[in-house]
Amino acid sequence: MEIALRRLDGVDQVTISIQQQALSVTLKPGSRFDPQGIRDAVARADVSILRFYVEARGQVEQKGDERYFVAGKDRFLLVASRDVPAGEPIWVNALVDDNTNPLQMRVNEHKPLEP
């Protein structure tokens, strides 16, 4: 499974914890988040992913009534995350729903970054 994950475009590091039943994939700066590619890579080892927790740097953009977290080329529709500030660089820890289009993100934690 680790080898399959490392072969994905943009993957920098892979950490797997069997005890915690979790894996961590760190992407290179500028790489796109590809949840389906990650799901396919782990499926080869007969493993499935229940949830994607994401840590990312970016900023929130307001488009009418909708708010998007933008990190590089990735855009996530924010849901239930009204307290996240728009227009400034931030770090987020969030849960991503990859069964939606666009991908939806629920921010658990955020903090400002130095510009």
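The analysis underlying the following values was restricted to heavy atoms, covering all of them including side chains, and did not include hydrogens, waters or symmetry mates.
- Minimum interatomic distance between His110 and Pro85 (heavy atoms only, all atoms of both residues): CE1-CD, 3.6 Å.
- In the hydrophobic cluster analysis, where Ile, Leu, Val, Met, Phe, Trp and Tyr join through side-chain heavy atoms closer than 4.5 angstrom, Leu27 is grouped apart from Trp91.
- Atom CG of Leu23 and atom CD1 of Ile38 lie 7.5 Å apart (nearest 0.5 Å).
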Next on the checklist: Could you go through Asn93 and Val54, starting from their C-alpha distance and side-chain angles, then the distance that decides it, and tell me whether this counts as side-chain contact (heavy atoms from CB on, under 4.5 Å)?
Outcome noted: CA-CA 6 Å; Asn93 174 298; Val54 174; over 6 Å; no

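- At a threshold of 4.0 Å, the pair Asp74-Arg32 counts as salt-bridged, since one of the basic side-chain nitrogens sits closer than that to a carboxylate oxygen.
- No more than 12 heavy atoms of other residues, nucleotides or ligands shown are found within 6.0 angstrom of CZ on Arg57.
- Closest of all the heavy-atom pairs between Pro35 and Leu103 is CG-CD1, 4.3 Å.
- Tyr68 OH to Lys63 NZ: the interatomic distance, rounded to the nearest 0.5 Å, is 9.0 Å.
- Between Ala71 and Ala56 the shortest heavy-atom distance is CB-CB, 4.4 Å.
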Next on the checklist: Set out, in order, the CA-CA distance, both residues' side-chain angles and the distance that settles side-chain contact (heavy atoms from CB on, under 4.5 Å) for Met1 and Ile16, then state yes or no.
Outcome noted: CA-CA 9 Å; Met1 179 171 60; Ile16 298 172; 3.7 Å; yes

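- Within the model, atoms CD of Gln36 and CD1 of Ile49 stand 9.5 Å from one another, a figure rounded to the nearest 0.5 Å.
- Taken to the nearest 0.5 Å, the CG atom of Leu77 stands 11.0 Å off from the CZ atom of Arg106.
- Looking only at distances, no side-chain donor or acceptor of Ser81 sits under 3.5 Å from a matching main-chain atom of Val84.
- Atom CG of Asp83 sits in a crowded spot, with more than 12 heavy atoms from other residues, nucleotides or ligands closer than 6.0 Å.
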Item to check | Residues Leu95, Arg51; criterion side-chain contact (heavy atoms from CB on, under 4.5 Å); working and verdict | outcome: CA-CA 7 Å; Leu95 176 64; Arg51 288 179 218 74; 3.8 Å; yes

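- Glu109 places no side-chain N or O within donor-acceptor distance of the main-chain N or O of Lys111, the cut-off being under 3.5 Å.
- For the residue pair Glu88 and Gln59, the shortest heavy atom distance occurs at O-CB, 3.3 Å.
- Identified under the ring-ring contact (aromatic ring centres under 6.0 Å, His included) test for residues 35-59, with sequence neighbours left out: Phe33-Phe52.
- Val60 is connected to Val92 through a chain of hydrophobic side-chain contacts under 4.5 Å among Ile, Leu, Val, Met, Phe, Trp and Tyr, so both are in one cluster.
- Here the CD-CG distance, from Gln104 to Leu78, works out to 10.0 Å after rounding to the nearest 0.5 Å.
- Residues Val96 and Val79 are members of separate hydrophobic clusters, defined by side-chain heavy-atom contacts under 4.5 angstrom among Ile, Leu, Val, Met, Phe, Trp and Tyr.
- Between Asp12 and Lys28, the closest heavy-atom pair is CB-CG, 3.7 Å.
- In terms of modelled atom types and a separation under 3.5 Å, the side chain of Thr100 and the main chain of Asp98 share no donor-acceptor contact.
- Residue Arg44 holds its CZ atom at 11.5 Å from CD1 of Ile3, rounded to the nearest 0.5 Å.
- In terms of the salt bridge (Lys or Arg N to Asp or Glu O under 4.0 Å) criterion, residue partners of Glu2 (sequence neighbours excluded) are, by chain and number, Arg6.
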